[in-house]
Amino acid sequence: MTMYFGVLILTELILLGLILHIVSYKGLTKSQKSWYIITFAAIMFCALAEYAVHCGYYDYKWAVPLTILTVVQFSVAPLLSVLFAGALGLKSQALSAILVFGLNLVIEASSAPFGSIFYFDKDGYHRGILFIAYQILYLLSLAYLIISMCVVGRKFKHRDVITIIMIPVIIVAGIIPMTVAKIHITYLSIAMCAALCYIYYNDLVQQDIKAALVKEKETVTRIQEHTILGLSNLIENRDMETGEHITRTSAYVKRLALCARENNVYKDIIDDTFVSRLYSLSPMHDIGKIIVSDRILRKPGRLTPEEYEEMKKHAEAGGRIVREVLSGITDEDYVSFAADIATYHHEHWDGTGYPKGLMNNEIPLSARIMAIADVYDALVSKRCYKEPMSKEDALYEIEIESGTHFDPNLVEIALKHPEIFDEN
Ligand code: C2E
Ligand code: SIN
Ligand code: SIN
Ligand code: FE
Ligand code: FE
């Protein structure tokens, strides 16, 4: 009996722990919480009632209250699976719960005076000749629980079949010692299953929430990239015949960055986030040209010094516009990354660029990479003010500007890997 008492305490504590967890847990709806709490409380009650009946300090004068207690216990036990189905989110369980409980109660209560399912005599509790009726109800209820779990499992595309199989296994492992050797671990195994079901269901729900979040984030990213591209194309089309400058330069910056990393150049800065940001944000580099008048932007010949000063404002303006467009809709790191490219893509390695005249590593790496891709593409393209250059001549221009206009470490990579500038 001391062993039995230990099992009872353990069972009650497990269930108490579960109830306390549910009370403070935020991931469940109110109705699910209620179902779980009712289920666990019902198991607590059954375990306690069973102990009261079998504990050994039996006195015949308690036969009537113990009979009533057992009637209630035998009515509740097969009901557990219905309660569980409710907790697992299956609808209309309340009605079935009341019906099953009512039916059980009628069967148990009407047979109690005849002692056909169980009875008490001077020695205590005994199974009646119709105890099998209770066992059948109990097995039906187990079957019901398994079906419910399969239904829930289907809803979650059977991601966790093992748990569904383990539940009946554990319950059967609890019933067999009870039936064979009167070892009272039935409700301990039921409590274990309750915990397992609870974890199983919550895990599936959490997995789905996570998957939904990832999907949503992907959608937002796609919208963002679309907006950036659309906006950049709009500006670019004012400037040039097509928006292909954008497509090409974002391919170049990405390949140049990856190539640098492979050759151990700036490999600490160039992580995957860096590359993907560079690729998706480089289209905004010339967005500041929106403030430049058509007369200057589309001027067929050389710009006067005044016009060029006007033109140079596109860098700083671009940084400002990028901040205005992106702030609030995405995180600050991302905004700064985009603003750096727009603001500093005309800075020169030797400090003679604009708008700030930054030097060497003061210029963000993203902007240094952008500068090479931007100039290369400007050189090989036809502009309203110039004719296109050959690929070889363009690379030669870049080579002679290494260390003056461009970061020499990056130029070295670009010259070693001219395939960076292949179209498509
Ligand atoms: P863009 O046409 O996209 O050119 C970007 C950068 O490529 C230029 O920045 C410059 O560094 C380089 N680049 C372009 N063409 C040549 C070239 O023929 N030779 C050499 N060595 N480098 C070249 P930059 O100079 O700061 O110009 C910024 C923007 O100002 C240009 O963007 C373009 O829109 C405009 N721009 C510059 N010069 C002229 C010009 O003479 N006439 C007109 N209409 N626009 C100009
Ligand atoms: C129970 O009390 O739940 C079962 C009693 C028995 O198996 O006889
Ligand atoms: C139980 O009610 O705990 C077990 C039923 C049975 O012994 O079959
Ligand atoms: Fe520019
Ligand atoms: Fe450009």
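Please read all numbers here as calculations on a predicted model, not as lab measurements. One-based numbering, in listed order, for ligands and for the atoms of each.
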Which of the numbered atoms in ligand 1 are below 4.0 angstrom from a heavy atom of [X]?
| X | value |
| --- | --- |
| H405 | 11 (O) |
| R383 | 1 (P), 2 (O), 3 (O) |
| E397 | 21 (N) |
| R302 | 41 (O) |
| D374 | 5 (C) |
| K386 | 15 (N), 18 (O) |
| I296 | 44 (N) |

Discussion item. Under 2.8 Å from the Fe ion (ligand 4), which protein N, O or S atoms do you find? Ignore water molecules.
Written reply: D286 OD1, H314 NE2, H345 NE2, H346 NE2
When you check the side-chain N and O atoms of [X] and [Y], is any donor under 3.5 Å from an acceptor?
| X | Y | result |
| --- | --- | --- |
| Q206 | N202 | no |
| T221 | E225 | no |
| H345 | D340 | no |
| E362 | Y344 | no |
| Y4 | E50 | yes |

Worksheet entry | Option set L379, D286, L297, V380, criterion heavy-atom distance to atom 17 (C) of ligand 1, minimum | L379
Worksheet, complete the sentence: In terms of its nearest heavy atom to atom 44 (N) of ligand 1, the top option of K299, E387, K289 is K299
Practice prompt. Kindly write out the residues that satisfy salt bridge (charged side-chain N to carboxylate O under 4.0 Å, His left out) with D377, not counting sequence neighbours, or none if the list is empty.
Written response: R248
Discussion item. Between ligand 1 and G301, can you find any atom pair, the residue atom being a heavy atom, that is separated by under 4.0 Å?
Written reply: yes
Fill in: Derivation and outcome, side-chain contact (heavy atoms from CB on, under 4.5 Å), residues F45 and V72
CA-CA 10 Å; F45 164 77; V72 179; 3.7 Å; yes
Would [X] count as being in polar contact with ligand 1, using the rule that some N or O on each side must be under 3.5 angstrom apart?
| X | value |
| --- | --- |
| Y354 | yes |
| E401 | no |
| M311 | no |
| R298 | no |

Discussion item. Tell me the closest heavy-atom pair linking P388 and V380, and the distance in Å.
Written reply: CB-O, 3.3 Å
Worksheet item: Where do Y36 and C197 come nearest, in terms of heavy atoms and distance?
Response: OH-O, 4.3 Å
Practice prompt. Would you please classify the geometry between the F5 ring and the Y51 ring as parallel, tilted or perpendicular, with 30° and 60° separating the classes?
Written response: tilted
Worksheet item: Parallel, tilted or perpendicular: which fits the ring planes of H184 and H54, with parallel below 30° and perpendicular above 60°?
Response: tilted
Worksheet entry | Pairs flagged by ring-ring contact (aromatic ring centres under 6.0 Å, His included) wherever residues 320-341 is involved - sequence neighbours left out | F274-F337
Side-chain donor-acceptor pairs of residues 403-411 under 3.5 Å, sequence neighbours excluded:
from: T404; atom 1: OG1; to: E401; atom 2: O; distance (Å): 2.9
from: T404; atom 1: OG1; to: E401; atom 2: OE1; distance (Å): 3.3
from: H405; atom 1: NE2; to: H348; atom 2: NE2; distance (Å): 3.3
from: D407; atom 1: OD1; to: Y266; atom 2: OH; distance (Å): 3.4
from: D407; atom 1: OD1; to: N409; atom 2: N; distance (Å): 2.9
from: D407; atom 1: OD1; to: N409; atom 2: ND2; distance (Å): 3.1
from: D407; atom 1: OD2; to: Y266; atom 2: OH; distance (Å): 2.7
from: D407; atom 1: OD2; to: R368; atom 2: NH1; distance (Å): 2.8
from: N409; atom 1: ND2; to: Y266; atom 2: OH; distance (Å): 2.8

